[in-house]
Every structure is written in C-alpha cells, then in structure tokens.
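First up is the structure itself, then whatever we jot down about it.
In the text below, chain A, chain B and the rest are named by the order of the sequence lines, each starting its count at 1. When reading the values below, keep in mind they use all heavy atoms of this one structure, side chains included, and skip hydrogens, waters and symmetry mates.
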Protein chains: 2
Amino acid sequence: MSDLLERLRGRGWRLTAQRRVVAEVLDGDHVHYTADEVHARASDRLPEISRATVYNTLGELVSLGEVLEVSTDGRAKRYDPNAHHDHQHLVCSRCGTIRDVHVQGDPLSALPEPERYGFQVSEVTVTYRGICPKCSGPS
Amino acid sequence: MSDLLERLRGRGWRLTAQRRVVAEVLDGDHVHYTADEVHARASDRLPEISRATVYNTLGELVSLGEVLEVSTDGRAKRYDPNAHHDHQHLVCSRCGTIRDVHVQGDPLSALPEPERYGFQVSEVTVTYRGICPKCSGPS
DNA sequence: TTCTTGACTTAGACATTGTCCAATGTAGGA
DNA sequence: TCCTACATTGGACAATGTCTAAGTCAAGAA
C-alpha cells in the first residue's frame with residue numbers, strides 16, 4: 001500500500017497522518033467497509049480524525065480511481081480497494097457482506113445496440129445476490 | 001393498474017385512498033420515481049397523505065413483489081413498477097435517468113460455480129452506465 | 001344500515017448517512 | 001526556519017428513511 005501512497009504523492013497529494021491512516025485501513029482486510037466503519041477503524045489509530053476528513057479522503061481516492069464506490073442497498077456506500085482489477089460483486093441479502101467475483105465474458109456485450117437508446121454506454125456493474133454460507137446455516 | 005389493486009385486495013390488503021393514489025402514481029408515466037417524488041405526486045391528488053404512508057406502501061408493494069426497488073447511486077432508492085418483466089437498467093451518469101433494457105442471455109450463467117463461494121445465488125442485477133443523448137448533446 | 005374492530009394513517013421526533021463551512025493546523029518547498 | 005496553500009476539525013445542516021402514539025376508517029358482522 002505504500003505503493004499507493006507513493007502514487008498519490010506523485011499526483012500532488014499532500015501526505016498527512018489522516019490520509020495515511022485511511023489508506024491503511026482500506027489496505028488491511030480485503031473487506032468493503034462503509035465510510036463510518038472506515039472512520040471507526042481509523043479512529044483506533046488516530047483518535048482525533050474527523051468524519052469530514054474520512055469522507056473527503058474516500059471521495060478523493062474514488063475520483064483518483066484508487067478505490068471503488070459500491071452502493072448495493074441504498075444504505076451506506078461501501079468502499080472497495082480492489083479498483084485495479086476488473087470484478088463484480090456477490091452480496092449476501094441477509095448480512096450484507098460483499099465478495100469480489102469474476103465473471104465469464106464481457107457483460108457489456110450482452111446489451112444489443114438497439115437497447116442502448118443512444119446512450120454512450122461506458123460501464124457495467126453486475127451484482128449477484130444470495131444467501132452466504134454463514135447465513136444459510138441452521139439458525 | 002386496477003388489476004394490481006384487485007390482486008392486492010385478494011391478498012388481504014385493505015383498500016384505502018392513500019394506497020390507491022400511490023399505486024396510480026406508479027402506474028402513470030413509466031418512470032422510476034424516488035419515494036419523495038412519489039409522495040409529491042401523490043400529494044397533488046390527496047394533499048394530506050403523509051410521508052410515512054408513502055414509505056409504508058412502497059415497502060409493502062416491494063415485499064409483495066409488485067414493484068422493484070432500485071438503488072443506483074447510494075442516494076434515494078427508486079421504485080420500478082415494471083416488476084413482472086425481467087429487465088435490467090441503463091442509467092445516465094449525468095442526470096440520473098433510468099431506462100429499462102433487455103439483455104441477451106442469462107447473466108446468472110456468467111458466474112461459474114467456483115466463483116459462488118457457497119452462496120445460494122438467487123438474483124442478479126446488471127446496471128449499465130453512460131451518458132444519455134440529452135446530456136451528451138452540445139451543452 | 002349501523003356497529004365494531006383491527007388495520008391504516010398521521011405528524012413529528014428520531015436515526016443514519018452525507019455535505020458544507022469558517023476557523024485552525026501543518027506539509028513541504030523556498 | 002518560515003510561509004502559505006492545502007488539509008483538518010467540529011459542528012451545523014441536508015437528505016433520506018424509520019418509528020411511535022394517537023386518531024381514523026374499511027369492511028365484515030349483526
């Protein structure tokens with residue numbers, strides 16, 4: 001992840017403790033945290049970090065293309081540090097956990113020209129939903 | 001749409017003015033409104049209708065499978081009355097408009113077994129993003 | 001028709017998630 | 001070391017959604 005920090009510095013980012021901590025949190029477990037979860041974890045290492053800074057930093061990482069924003073349920077957005085690999089998501093409809101998955105073929109090609117209605121289609125996201133093994137176990 | 005109302009009554013729904021109005025709004029233009037837009041339009045016909053009722057009614061319609069909930073941007077959810085036809089969505093990244101589209105093949109089959117990680121996958125949503133003709137015109 | 005009752009609606013408080021701003025702090029170059 | 005433009009802070013505010021207690025009413029019963 002220090003790669004990431006280097007890349008960002010190369011792009012004129014000022015390297016602050018807060019930004020470093022946010023980057024480290026994202027780099028830790030390969031999970032998809034909400035902004036507030038990132039804030040909570042960042043606070044463990046840097047107690048005074050403010051919510052605004054976490055939101056700002058996440059927003060910057062997204063617009064720099066280093067992190068993906070995933071909104072699967074209309075609740076809080078989640079942040080996916082795996083932005084450099086093409087992948088889709090598998091979401092547990094019960095507990096909300098997200099896994100990265102890889103699909104066969106290019107989903108974009110499944111949309112025929114006449115179904116594009118003049119849009120310049122540039123992106124496609126595929127989200128699979130189901131019950132994860134943990135949640136389907138004997139409750 | 002009176003079909004819908006009949007169906008709902010068959011399922012034990014009490015038929016109130018508020019619910020009728022919400023159903024009519026959804027049945028009108030084939031657009032995907034947010035809850036507050038539904039509320040605004042419902043208020044035109046029934047000024048005293050409350051936000052809570054609109055939210056309740058939309059929630060019920062969703063759990064009855066009569067309407068789909070679409071959350072494309074992490075902002076307000078939108079409601080899609082076209083629940084009985086299999087379709088996916090095409091979203092304008094600039095103005096947020098949503099169109100229903102039909103894809104070739106079954107997107108579910110693009111996810112190989114080993115990529116399912118023990119989930120019981122039951123649903124897949126595909127969202128295409130791009131710029132709509134209106135937004136790509138000379139601004 | 002009128003009565004009864006449990007389901008429905010209402011208003012508004014509250015919760016969650018996110019944005020904005022003015023004051024303050026500080027990274028990194030000169 | 002000093003400057004200063006950029007970053008951070010805390011708190012107010014906004015948007016969306018949920019909950020509750022009290023009042024209302026649809027639809028079946030008599």
Side-chain angles (χ1 to χ4, degrees), chain A residues 2 5-25 32-43 45-64 66-80 96 98, chain B residues 2 5-25 32-43 45-64 67-79 96 98:
Chain A
S2 47
L5 293 177
E6 275 314 310
R7 271 207 301 284
L8 294 173
R9 192 140 59 161
R11 300 206 218 176
W13 243 41
R14 186 173 288 184
L15 196 41
T16 67
Q18 291 83 351
R19 286 173 169 181
R20 185 164 30 237
V21 165
V22 169
E24 283 169 9
V25 168
H32 303 69
Y33 292 129
T34 65
D36 267 1
E37 287 167 351
V38 172
H39 179 232
R41 283 171 176 73
S43 299
R45 314 193 191 190
L46 191 68
E48 335 76 56
I49 193 172
S50 78
R51 272 184 353 115
T53 297
V54 171
Y55 276 97
N56 287 342
T57 305
L58 288 173
E60 287 154 5
L61 288 171
V62 169
S63 47
L64 290 173
E66 297 290 348
V67 159
L68 285 180
E69 216 172 51
V70 186
S71 46
T72 53
D73 60 350
R75 313 271 304 173
K77 291 175 197 160
R78 292 177 174 271
Y79 293 88
D80 180 349
I98 303 182
Chain B
S2 48
L5 293 177
E6 276 315 309
R7 272 206 301 283
L8 295 174
R9 192 141 59 161
R11 300 206 217 176
W13 246 40
R14 185 172 289 185
L15 195 42
T16 67
Q18 291 83 352
R19 287 171 167 181
R20 189 166 24 239
V21 165
V22 169
E24 283 169 8
V25 168
H32 303 68
Y33 293 128
T34 65
D36 266 2
E37 286 166 352
V38 172
H39 178 233
R41 283 171 176 74
S43 299
R45 313 193 193 190
L46 191 67
E48 335 76 55
I49 192 171
S50 79
R51 270 181 358 113
T53 296
V54 172
Y55 277 98
N56 287 341
T57 305
L58 288 173
E60 288 154 7
L61 288 171
V62 169
S63 46
L64 290 173
V67 159
L68 285 180
E69 216 173 52
V70 187
S71 46
T72 53
D73 59 350
R75 311 274 304 172
K77 291 175 196 160
R78 293 177 174 271
Y79 293 88
I98 303 182

* Asked: Touch check for Ala52(A), heavy atoms < 4.0 angstrom, all strands: base, sugar-phosphate only, or nothing?
  -> base
* **Atom pair distance, as rounded to whole Å: CZ in Arg20(A) and C1' in dT8(D)** => 15 Å
* In whole angstrom, give the distance that lies between atom CD of Glu60(B) and atom P of dT18(D). => 13 Å
* **Proximity to the side chain of Glu48(A) - top-ranked nucleotide from dT9(D), dG28(C), dT16(C)** => dT9(D)
* Quick one: is Thr16(B) getting a side-chain N or O under 4.0 Å of the dC25(D) phosphate, OP1 or OP2? -> no
* To do: Measure the distance from CZ on Arg75(B) to C1' on dT16(C) and round it to the nearest whole Å.
  => 13 Å
* To do: To the nearest Å, give me how far apart CD (Glu37(B)) and P (dT16(D)) are.
  => 9 Å
* Asked: Is there a donor and acceptor pair, one atom on the side chain of Arg14(B) and one on the base of dA7(C), closer than 3.5 Å?
  -> yes
* To do: Would you confirm whether Arg19(B), through its side chain, and Arg14(B), through its main-chain N or O, come within 3.5 Å as a donor-acceptor pair?
  => yes
* To do: Determine, for Arg11(A) against Glu60(A), whether the closest basic-nitrogen to carboxylate-oxygen distance falls under 4.0 angstrom.
  => no
* **Between dT9(D) (C1') and Ile49(A) (CD1): distance, integer Å** => 11 Å
* To do: Using a cut-off of strictly less than 4.0 Å, decide whether Gln18(A) has a side-chain nitrogen or oxygen near OP1 or OP2 of dG25(C).
  => no
* Structure fact -> The answer to which of Asp36(B) and Thr57(A) contacts DNA chain D further toward the 5' end, by nearest nucleotide, is Thr57(A)
* **Rounded distance in Å - CH2 (Trp13(B)) to P (dA27(D))** => 12 Å
* Measure distances between side-chain N and O atoms of Arg51(A) and base N and O atoms of dG18(C), and say whether any donor-acceptor pair falls under 3.5 Å. => yes
* Asked: For Tyr55(B) and dG17(D), is the shortest distance between a side-chain N/O and OP1 or OP2 below 4.0 Å?
  -> yes
* To do: Output the single nucleotide from dT9(D), dT16(D), dT10(C) whose closest atom is nearest the side chain of Asn56(B).
  => dT10(C)
* **Separation of dA15(D) C1' from Lys77(A) NZ (nearest whole Å)** => 12 Å
* Asked: Any side-chain N or O of Thr53(B) less than 4.0 Å from the OP1 or OP2 oxygen of dT10(C)?
  -> yes
* Asked: Between dG25(C) atom C1' and Arg19(A) atom CZ, what is the distance in whole Å?
  -> 14 Å
* Check for a donor-acceptor pair, side chain of Arg51(B) on one end and backbone N or O of Asp36(B) on the other, with a separation under 3.5 Å. => no
* Heavy atoms, side chains only, cut-off 4.5 Å: are Val25(B) and Tyr79(B) in contact? -> no
* To do: May I ask you to decide if Tyr55(A)'s main-chain N or O and His39(A)'s side chain share a donor-acceptor pair within less than 3.5 Å?
  => no
